[in-house]
Undergrad: 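Handing you this structure, nothing more for now.
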Amino acid sequence: MALLELHSVSVAYGRIQALRDISLTVEEGEIVTLIGANGAGKTTTMKAISGLVPLSQGSIEFDGADISKVRADLRVVRGICQAPEGRGVFPGMTVRENLEMGCYTRRDRKAIAEDFDRVFELFPRLKERATQAGGTLSGGEQQMVAIGRALMARPRLLLLDEPSMGLAPQFIQQIFNIITEINKQGTTVLLVEQNAQQALSRAHRGYVLETGSVTRASTGKDLLADPAVKEAYLGVA
Ligand SMILES: Nc1ncnc2c1ncn2[C@@H]1O[C@H](COP(=O)(O)OP(=O)(O)OP(=O)(O)O)[C@@H](O)[C@H]1O
Ligand SMILES: [Mg+2]
């Protein structure tokens, strides 16, 4: 049994069919990546998993239980946590307060303190900026807050939607290093990325989405070597 299983999931926005019959699995301990062009349905897949859009068909199992009809906030309690596309940092709150929002359902003070230490170790920049308002952080720093906040919930499955979007090259490298480190520390990761080269080289396995359907599924290594993937997503003929 995988940690996460999507069985023939379809999602529609009115008459627009965004996902058609998607099946995928994420095993405990893996980094799995979803790659695909703009509009392929990557964000919709993440929203279906976190409960932000209803399924028109199919089912989603998490940790052996059917969660297809479970409310989004209760999926967070079960351990599914998303760092949203576009970051979603609260501008009027400090960095520390933003991070605290990630664990507002928790009461285990000692473990929360440990998790603050862990997040500040992963992101030393955030430690320096702990009292700065979220709205005054740079784009890359806001991305760090969004990931750090998701980690404060101690997720079993971390959903990351385009964590490298809009970042300078040295920041991109750093974000991917941190994702690898988070995974090594025991968190399972589902990663959506435009940066297919980085994502596939870090992931255990990957899926290619094209106009709402899964067209390829393999190890990250095999997908990197696949001529069709190379041509469409890696910018090499
Ligand atoms: N709220 C919505 N209402 C109507 N159509 C939507 C809505 N959200 C997404 N769509 C459509 O569903 C399809 C999939 O969108 P989605 O955001 O999942 O793509 P994506 O793979 O994440 O793309 P990108 O790489 O640009 O982020 C697109 O055709 C999009 O226009
Ligand atoms: Mg998207």
Side-chain angles (χ1 to χ4, degrees), residues 4-26 31-60 67-68 71-73 75 80-89 139-140 142-147 149-150 155 157-169 171-172 175-176 179 189-203 205-218 220 223-224 226 228-236:
L4 178 75
E5 299 183 5
L6 271 63
H7 300 287
S8 301
V9 165
S10 297
V11 170
Y13 299 106
R15 280 178 299 137
I16 297 172
Q17 182 87 24
L19 297 182
R20 263 175 249 272
D21 216 12
I22 299 257
S23 294
L24 62 82
T25 59
V26 180
I31 299 179
V32 172
T33 188
L34 273 181
I35 61 169
N38 293 126
K42 304 179 299 295
T43 296
T44 302
T45 305
M46 296 299 226
K47 286 183 172 167
I49 296 166
S50 48
L52 301 175
V53 295
L55 311 187
S56 54
Q57 190 197 301
S59 64
I60 300 179
I67 58 159
S68 312
R71 260 176 24 210
D73 55 331
R75 294 190 202 192
I80 300 176
C81 227
Q82 179 165 7
E85 192 187 26
R87 309 192 175 111
V89 167
Q142 291 190 30
Q143 187 61 277
M144 294 177 185
V145 171
I147 297 173
R149 192 174 56 200
L157 175 66
L158 177 63
L159 304 176
L160 296 172
D161 193 349
E162 311 241 16
S164 79
M165 186 168 54
L167 300 185
F171 257 154
I172 292 182
I175 285 285
F176 280 106
I179 292 166
V189 178
L190 180 60
L191 170 67
V192 160
E193 261 296 330
Q194 293 280 344
N195 193 329
Q197 172 75 44
Q198 277 283 350
L200 290 172
S201 61
R202 306 277 177 160
R205 290 185 304 112
Y207 292 86
V208 178
L209 266 184
E210 287 176 31
T211 54
S213 302
V214 172
T215 53
R216 281 187 153 68
S218 193
L223 288 172
L224 269 179
D226 182 323
V229 171
K230 274 188 179 169
E231 193 184 337
Y233 305 107
L234 302 174
V236 282

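Quick caveat: nothing in here was measured; it's all calculated off a predicted structure. In this chain, numbering begins with 1 at the start of the sequence shown. Only this structure's heavy atoms are used, side chains among them; waters, hydrogens and symmetry mates stay out. Order of appearance sets the numbers: ligands from 1, and atoms from 1 within every ligand.
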Undergrad: Can you find an N/O atom of I16 closer than 3.5 Å to an N/O atom of ligand 1?
TA: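 In this structure, I16 places no N or O atom under 3.5 Å from an N or O of ligand 1.
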Undergrad: Between N195 and F176, is there a side-chain heavy-atom distance shorter than 4.5 Å?
TA: yes
Undergrad: Looking at ligand 1, does any of its N/O atoms fall within less than 3.5 Å of an N/O of A18?
TA: no
Undergrad: With heavy atoms of T43 as the reference, note each atom of ligand 1 found under 4.0 Å away.
TA: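 So the answer, numbered in order with elements, is 17 (O), 18 (O), 20 (P), 22 (O), 27 (O).
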Undergrad: Do any heavy atoms of G212 fall under 4.0 Å from ligand 1?
TA: no
Undergrad: What atoms in ligand 1 come closer than 4.0 Å to a heavy atom of Q194?
TA: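 Near Q194, the atoms of ligand 1 are 25 (O).
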Undergrad: Counting only nitrogen or oxygen atoms and a 3.5 angstrom limit, does G39 reach ligand 1?
TA: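 Yes, G39 has an N/O under 3.5 Å of an N/O on ligand 1.
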Undergrad: What atoms in ligand 1 come closer than 4.0 Å to a heavy atom of T44?
TA: 14 (C), 15 (O), 16 (P), 18 (O)
Undergrad: Is there a side-chain contact (heavy atoms from CB on, under 4.5 Å) between V229 and L200 once you walk through the steps?
TA: CA-CA 11 Å; V229 171; L200 290 172; 4.1 Å; yes
Undergrad: Output the list of atoms in ligand 1 that are nearer than 4.0 Å to some heavy atom of E162, sorted by atom number.
TA: 25 (O), 27 (O)
Undergrad: Show me, pair by pair, the donor-acceptor contacts under 3.5 angstrom made by side chains of residues 5-12, not counting sequence neighbours?
TA:
from : atom 1 : to  : atom 2 : distance (Å)
E5   : OE1    : H7  : NE2    : 3.0
E5   : OE2    : A2  : N      : 3.1
H7   : NE2    : E61 : OE2    : 3.4
S8   : OG     : D21 : OD1    : 3.2
S10  : OG     : D21 : N      : 3.0

Undergrad: What residues form a salt bridge (Lys or Arg N to Asp or Glu O under 4.0 Å) with R216, not counting sequence neighbours?
TA: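 Per chain and number, R216 pairs via salt bridge (Lys or Arg N to Asp or Glu O under 4.0 Å) with D226.
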Undergrad: Hey, is A40 one of the residues with a heavy atom under 4.0 angstrom from ligand 1?
TA: yes
